[in-house]
Structure formats: C-alpha cells, structure tokens
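Single-structure report; data block below.
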2 protein chains.
Amino acid sequence: MTLSTERLLDEVGWQLLAALQQDARTPLSELARRVGLSAPAVAERVRRLEDAGIIRGYRAELDLARLGLPLSAWIRLTIDGQRDEPFLKHAAQAPEIHSCDRVTGTDCFVLRVVVSDVAHLERTISALKAYGSPITSLVLSSPVTRRDVEGPR
Amino acid sequence: MTLSTERLLDEVGWQLLAALQQDARTPLSELARRVGLSAPAVAERVRRLEDAGIIRGYRAELDLARLGLPLSAWIRLTIDGQRDEPFLKHAAQAPEIHSCDRVTGTDCFVLRVVVSDVAHLERTISALKAYGSPITSLVLSSPVTRRDVEGPR
DNA sequence: ATTGAAAGTAAGGTCTA
DNA sequence: TAGACCTTACTTTCAAT
C-alpha cells in the first residue's frame, strides 16, 4: 500500500468503491449525494482512483446461460515438458477460456472454461491435450459468484 | 435460448454487449453513436437486455493487490460427511472467499480466496478444515483474467 | 423536440504542512 | 506560501417524456 493510495482510501474512498462495485453505472451526482460531497469533488475522487489503478475498469456482468453458454468447468492442466509458451498462446485466443491462472503445485494452470454443450466441452478439452494433461470438473452450481471487497471494518 | 432473447441478440444487441463489457460506464449517447441508432432507441435496447436478465449488472473491477490483498489462491475442498450446509453458511459470509463453485468429481467445491498475507491464508485454510480437506494452489500469475463474451462470428 | 438532470470546466476558498 | 481538497457558478452534454 503506497503513500499515494492511502490518502485515497479513506472513509469516502471506500464508500465510492462499495457503490461502484455494486452498480458501476451509478451517476456521479448520485455518488456525491451518498458520500455528502459536491459532484465535482466526487468526479475528481473517482478519476484519481482510476489513475492510481485501484479501479481497473467497469464491466457489464452477463448471464452466460442466457447467451447460449450454459456449461462452465474448471480444468487443471499439467503442462508436458516445456510447452508453456505454446499453451499460453492458445489460452490467449481461445474463446472458451475465460480465465487462466498459473499456480503452485503440480497442476501448473487452473482454467475456467465456458461452453455451449458437452460436445463443445469435449473439443475444448481435446485441444488442451496438445499441451498437457487436463483434469476437468464441471460446475454444478455457484453458491458464491462474486464478493465485493470491503474496506477496513 | 428463448424466443424473447433471440430478438435482442442481433448485430446491434451484441455490439451493445461488447461495448458494455469493455466499459460499463459508456454513456448511452456514445453507444448510440457506435451502433448508428438514436439515443432513445439504445436506451430502450439496454433496458430490455437488463430486463431479460442478459445483463446482470455493472461492476467496477478493482486491483486487489493495490487494496492490500496481494495473494490469491485456488482451494479445492472435499467435504467430510454431510457438512455441506454448515460449509455453505461459512462460505456465504467469509470475506476471503470470493467465489465458490460446487463441482463434479471428488473435490466437491472449488474456492477462490483472496488474502493479505500468508498468515491470513493459513487462517483461511484452517477455518476450512472444520468442513473438509482443502488442497491449496497459490496463484502466481494470471495470463487470462477475464474474457469478454462474443456473439456468433 | 423539449426539458430537467448530469457531467465537465473554471475560479476561488479553507486548511494544513 | 504552496499544495491538497473542497465548493460554487457556469456551460455543455445527456437522457427521458
């Protein structure tokens, strides 16, 4: 936590982050009302949170099932030999791979894949076998999908 | 894919979803410019995407490391006996658990946890041992953090 | 198309180091 | 007195009827 960010993350800063995590399209004027500051002051605050890299962006959250992508899975992938680079190239452009983390342990990578049906899942897994050994777990439900970050309590 | 959603997901609909995934705070007037429709028409389109549940909401994406949470981990949790319910209660309120999916296979649950340091990670894992056997993989880097959903190509 | 709300701009005031 | 942070006043842009 650097010096410059500390000033930003006071009571008001965390209130703004809470509101924008909940609804990123909240108008600045509404944010101003909630934190008890003028609209220009809040606009400046938000701009500085963005400039400091604390706010990385604003994203619409979509319902994947309603977009024809009802199946999600976790795939743990152990890479064979020295195939990291070709795999990363594949991961960067494969539309099914929604996230990919390099992790400790023998698994090497943890992937979140999102597909339209089991045939699509099969193709996705097969493609991964070119780089290593995948272990797949289909997502049955998601008791916790997203947790907002809270300030110091 | 129901009948009502099909009408929404034409060329323009997907253009709107693409823009809002990229920057959820894009003004409606700007969206209108990009898709070549009037502002009221676009406002109506977006409202219908929301009402159909295709757009679930708008979220600010934060940099967790800059907020004092530099460590993330995947934890696979095999639940002992019939302790699903107490575990789900725990998961629903634990601030470290950012996502939790029930999955096929022996793992039962896949958790994304976000913590401030290794001591915090240790406490988080210890707490999980009340419900089952956790296997932890620390995230080293994230080659793919988020993939936008694209329409039919 | 009109009207009220919201966002952006500019100038100035207060507090602190 | 310099700088950080806020306010008010004003103009432009946006959004809804």
Side-chain angles (χ1 to χ4, degrees), chain A residues 1-63 66-67 148-153, chain B residues 4-69 148-149 151:
Chain A
M1 200 100 72
T2 71
L3 286 79
S4 64
T5 69
E6 273 178 41
R7 197 195 322 281
L8 283 173
L9 296 176
D10 57 359
E11 175 81 26
V12 168
W14 277 108
Q15 280 181 277
L16 294 175
L17 292 180
L20 289 170
Q21 284 181 93
Q22 197 69 33
D23 180 6
R25 282 183 76 84
T26 310
L28 296 175
S29 55
E30 169 65 19
L31 294 176
R33 249 168 252 131
R34 291 199 211 164
V35 304
L37 290 182
S38 68
V42 166
E44 174 68 10
R45 284 274 202 156
V46 171
R47 198 189 55 73
R48 280 162 53 209
L49 287 166
E50 293 165 356
D51 290 350
I54 293 171
I55 296 175
R56 295 163 63 98
Y58 306 95
R59 318 283 172 218
E61 182 185 312
L62 307 185
D63 186 317
R66 289 190 219 259
L67 292 170
D148 285 351
V149 181
E150 289 169 38
R153 51 231 93 243
Chain B
S4 63
T5 70
E6 274 178 42
R7 193 194 317 283
L8 284 173
L9 295 176
D10 58 0
E11 176 81 26
V12 168
W14 277 107
Q15 282 181 279
L16 294 175
L17 291 181
L20 288 170
Q21 285 180 94
Q22 199 68 31
D23 180 6
R25 283 183 75 83
T26 310
L28 296 175
S29 56
E30 168 67 19
L31 294 175
R33 247 167 253 133
R34 292 199 210 164
V35 303
L37 291 181
S38 70
V42 166
E44 174 67 11
R45 283 274 203 160
V46 172
R47 199 189 55 75
R48 280 162 55 207
L49 287 166
E50 293 166 355
D51 290 350
I54 292 171
I55 296 175
R56 294 163 62 97
Y58 306 95
R59 318 281 171 220
E61 182 185 313
L62 307 185
D63 186 317
L64 298 174
R66 293 207 214 298
L67 292 171
L69 298 167
D148 284 353
V149 180

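Labels below follow one simple rule: chain letters A, B, ... track the order of the sequence lines, proteins then strands, and each chain is numbered from 1. These numbers come from the heavy atoms of this one structure, side chains and all, not from hydrogens, waters or symmetry mates.
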| field | Heavy-atom side-chain proximity of B:Leu67 to A:Leu17 below 4.5 angstrom | value | yes
| field | Whole angstrom value for the distance that separates P of C:dT9 from CZ of A:Arg47 | value | 11 Å
| Do A:Leu20 and A:Leu49 have side-chain heavy atoms sitting under 4.5 Å apart? | no
| request: Quick one: list whatever passes side-chain contact (heavy atoms from CB on, under 4.5 Å) with B:Asp148, sequence neighbours left out. | output: B:Gln21, B:Gln22, B:Arg146
| remark: Hits for side-chain contact (heavy atoms from CB on, under 4.5 Å) against A:Thr26, two or more places apart or cross-chain, chain-then-number order -> A:Asp23, A:Glu30, A:Leu31, A:Arg34
| Hey, are A:Arg47 and A:Glu44 close enough for a salt bridge, meaning a charged N less than 4.0 Å from a carboxylate O? | yes
| remark: Sequence neighbours excluded, the answer for side-chain contact (heavy atoms from CB on, under 4.5 Å) partners of A:Asp10 is A:Val12, A:Arg45
| field | Partners passing side-chain hydrogen bond (donor to acceptor under 3.5 Å, both in side chains) against B:Arg25 (at least two apart in sequence or in another chain) | value | none
| field | nucleotides 6-17 of chain D: protein proximity per nucleotide (B base, S sugar-phosphate only, - neither; heavy atom, under 4.0 Å) | value | SBB-----SSS-
| query | Are B:Ile54 and B:Leu9 close enough that some pair of their side-chain heavy atoms sits under 4.5 Å apart? | reply | yes
I'd like a list of close polar pairs between nucleotides 15-17 of chain C and the protein, N/O only, cut-off under 3.5 Å.
none

